[in-house]
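In what follows, a single structure is set out as structure tokens and then discussed.
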Amino acid sequence: MSVYNPNDADFAFTIGIEEEYQIVDPETRELRSYITQILEPGRTILREQIKPEMHQSIVEVGTRPCRTISEARAEIVRLRGAIAGLAARHNLRIVAAGTHPFSSWMQQEITPDERYRMVVGEMQEAALQLLIFGMHCHIGMPNNEVAIELMNVARYICPHLLALSTSSPFWMGRNTGFKSYRSVIFSTFPRTGIPPTFHSASEFERYVQLLINTGCIDNGKKIWWDLRPHPFFGTLEFRVCDIATRVEECLALAATMQALIVKFYTMFEENTTFRVYRRALINENKWRAQRWGLDGKLIDFGKRKEVEAKALVHEIVELVDDVVDMLGSRKEVEYLLTIVDQGTSADRQLRVFAETNDLKAVVDSLMNETIEGVPVMTFDAESSAQTAHS
């Protein structure tokens with residue numbers, strides 16, 4: 001059917017990817033609060049695709065809506081190359097990892113913006129500690145009702161995606177014992193984690209309006225669930241993942257999210273679907289994913305037993321096998337099996353630390369992997385893009 005073909009005009013399930021990068025000093029390997037110096041020339045080149053975050057050591061980029069994963073690849077490579085080049089003008093580097101291995105949140109500067117001052121005023125130290133870096137993937141939706149139906153089902157797969165994306169084992173110089181400590185830090189915020197289920201789009205809209213009317217939030221963007229209907233973009237937004245260090249990991253995750261959504265929608269049309277499980281049960285799997293990543297076991301609630309997380313990744317690849325060729329994403333989705341074989345960014349960081357006992361060596365590895373295969377732009381004094389080099 002045309003709705004599943006990215007080449008057709010009525011294709012709904014587009015991809016948009018947001019990434020939050022660390023700004024790092026290559027000498028000290030510490031985070032640097034430098035977004036304001038990068039932002040002005042960055043907006044000349046990238047316009048609305050570059051944004052500040054609350055901490056000045058974070059820079060966020062977002063792709064345009066992409067029909068295919070190959071379009072998303074071009075966007076991510078271009079954006080990483082541009083930000084890496086803008087940072088290099090100030091002798092800085094970028095890192096894609098869910099937490100910095102040793103920099104302290106207490107030494108970071110807050111971006112001078114009224115929005116962020118209000119967040120800090122409300123959240124206090126929970127906001128100041130939010131020195132974390134994620135990847136968000138937006139999948140376009142045909143309408144709001146479909147978004148709610150798909151969210152109810154896709155919640156189940158969020159822990160699996162988190163296990164595949166883990167890149168934050170260290171926090172303020174300590175090995176936390178978690179593969180995704182970013183998830184632990186973010187859980188201090190309200191309206192985070194696995195979302196509840198809703199029977200309809202109108203029920204969800206009433207929930208959002210109640211929060212607005214009672215002064216809990218000013219708009220739906222302050223609902224920070226791991227998976228949410230975006231209040232303005234008409235997308236279903238996956239927010240559960242740590243930022244992927246390598247470009248190939250980022251694209252594998254985004255391609256899998258798109259393929260899963262298309263697969264679930266196909267099942268709806270065939271009057272078959274997954275059982276919708278309670279949030280309390282899915283949270284058991286999220287805990288396991290953030291603690292052990294791919295080295296642990298997740299619960300198959302249908303079979304009522306534990307299963308190796310790595311085996312479940314193979315099941316995900318098999319599940320979407322009949323839609324990936326149509327979407328043009330077989331290579332990217334099957335890269336999940338490479339992640340299973342080689343480990344996630346968290347696994348690689350832990351290996352480097354075990355070999356060197358040096359967190360600066362971990363940062364060096366992250367800096368290199370972040371721009372692996374990425375042509376880095378160079379800029380003249382007027383900040384116009386000149387050339388690119390790998």
Side-chain angles (χ1 to χ4, degrees), residues 4-8 11-19 61-81 96-97 134-140 150 154 157-167 227 235-266 293-294 309-348 369-375 390:
Y4 307 130
N5 187 338
N7 296 317
D8 289 334
F11 179 72
F13 303 106
T14 54
I15 307 168
I17 304 170
E18 297 169 339
E19 294 193 304
V61 299
T63 71
R64 300 182 180 96
C66 301
R67 288 176 169 265
T68 65
I69 198 64
S70 60
E71 290 180 19
R73 176 185 294 276
E75 281 280 282
I76 286 294
V77 169
R78 178 178 66 86
L79 290 170
R80 285 201 184 197
M135 164 199 169
H136 304 160
C137 184
H138 295 256
I139 307 299
L150 290 172
I157 212 74
C158 283
H160 306 65
L161 296 170
L162 176 59
L164 282 158
S165 74
T166 54
S167 65
L227 180 63
T235 62
L236 191 58
E237 181 186 8
F238 287 87
R239 302 170 49 85
V240 70
C241 292
D242 286 3
I243 186 171
T245 300
R246 290 174 171 160
V247 168
E248 294 302 328
E249 294 168 326
C250 166
L251 296 169
L253 290 161
T256 300
M257 293 173 199
Q258 183 193 41
L260 285 165
I261 289 300
V262 170
K263 176 65 177 182
F264 294 149
Y265 188 76
T266 303
L294 291 177
K310 293 178 180 179
L312 292 173
V313 175
H314 284 266
E315 290 187 11
I316 291 173
V317 175
E318 292 170 8
L319 173 66
V320 299
D321 182 73
D322 60 342
V323 301
V324 291
D325 290 329
M326 178 174 55
L327 295 171
S329 58
R330 178 171 293 278
K331 180 181 73 170
E332 287 79 9
V333 170
E334 290 184 349
Y335 191 83
L336 296 187
L337 305 181
T338 300
I339 298 175
V340 167
D341 291 339
Q342 298 182 2
T344 66
S345 174
D347 297 317
R348 296 193 301 275
E369 286 189 3
T370 297
I371 58 169
E372 194 175 272
V374 174
S390 297

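Reckoned from all heavy atoms, side chains included, excluding hydrogens, waters and symmetry mates. None of these values were measured; they are calculated from a predicted model.
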Measure the shortest side-chain to side-chain distance between H160 and V313 over non-hydrogen atoms and say whether it is less than 4.5 angstrom. no
Atom pair CE/OG1 of M326 and T266 - distance to nearest 0.5 Å: 6.0 Å
Mind checking whether V320 and T256 have side chains closer than 4.5 Å, heavy atoms only? no
Are the side chains of S165 and M135 in touch, meaning some heavy atoms are under 4.5 Å apart? no
Is the shortest side-chain heavy-atom distance between V317 and E334 below 4.5 Å? yes
Between D347 and T344, is any side-chain donor less than 3.5 angstrom from a side-chain acceptor? yes
Tell me, do T68 and Q258 make a side-chain contact under 4.5 Å, heavy atoms counted? no
Between P6 and E71, is any pair of side-chain heavy atoms under 4.5 Å apart? no
Would you say the side chain of I76 lies within less than 4.5 Å of the side chain of E19, judging by non-hydrogen atoms? yes
Atom pair CE/CG of M257 and L161 - distance to nearest 0.5 Å: 5.0 Å
Counting only N and O atoms by type, is there a donor-acceptor contact under 3.5 Å from the side chain of E237 to the main-chain atoms of H136? no
Which pairs of donor and acceptor atoms, one on a side chain in residues 242-255, lie under 3.5 Å apart (sequence neighbours left out)?
{"unit_1": "D242", "atom_1": "OD1", "unit_2": "S180", "atom_2": "OG", "d": "2.9"}
{"unit_1": "D242", "atom_1": "OD1", "unit_2": "R182", "atom_2": "NH1", "d": "3.1"}
{"unit_1": "D242", "atom_1": "OD2", "unit_2": "S167", "atom_2": "N", "d": "2.8"}
{"unit_1": "D242", "atom_1": "OD2", "unit_2": "S168", "atom_2": "N", "d": "3.3"}
{"unit_1": "D242", "atom_1": "OD2", "unit_2": "S168", "atom_2": "OG", "d": "2.7"}
{"unit_1": "D242", "atom_1": "OD2", "unit_2": "S180", "atom_2": "OG", "d": "3.3"}
{"unit_1": "T245", "atom_1": "OG1", "unit_2": "A96", "atom_2": "O", "d": "2.7"}
{"unit_1": "T245", "atom_1": "OG1", "unit_2": "S345", "atom_2": "OG", "d": "2.6"}
{"unit_1": "R246", "atom_1": "NH2", "unit_2": "E369", "atom_2": "OE2", "d": "3.4"}
{"unit_1": "E248", "atom_1": "OE1", "unit_2": "R73", "atom_2": "NH2", "d": "3.3"}
{"unit_1": "E248", "atom_1": "OE2", "unit_2": "R73", "atom_2": "NH1", "d": "2.6"}
{"unit_1": "E249", "atom_1": "OE1", "unit_2": "T245", "atom_2": "N", "d": "3.4"}
{"unit_1": "E249", "atom_1": "OE1", "unit_2": "R246", "atom_2": "N", "d": "2.9"}
{"unit_1": "E249", "atom_1": "OE1", "unit_2": "R348", "atom_2": "NH2", "d": "3.4"}
{"unit_1": "E249", "atom_1": "OE2", "unit_2": "R348", "atom_2": "NH1", "d": "2.8"}
{"unit_1": "E249", "atom_1": "OE2", "unit_2": "R348", "atom_2": "NH2", "d": "3.1"}

Let me see the working for R330 and D321 under side chain to side chain contact (heavy atoms under 4.5 Å, CB included), right down to the final yes or no. CA-CA 8 Å; R330 178 171 293 278; D321 182 73; 2.9 Å; yes
Any non-hydrogen side-chain atom of L236 less than 4.5 Å from a side-chain atom of F13? no
Verify side chain to side chain contact (heavy atoms under 4.5 Å, CB included) between L162 and F238, making sure each step is shown before the conclusion. CA-CA 10 Å; L162 176 59; F238 287 87; over 6 Å; no
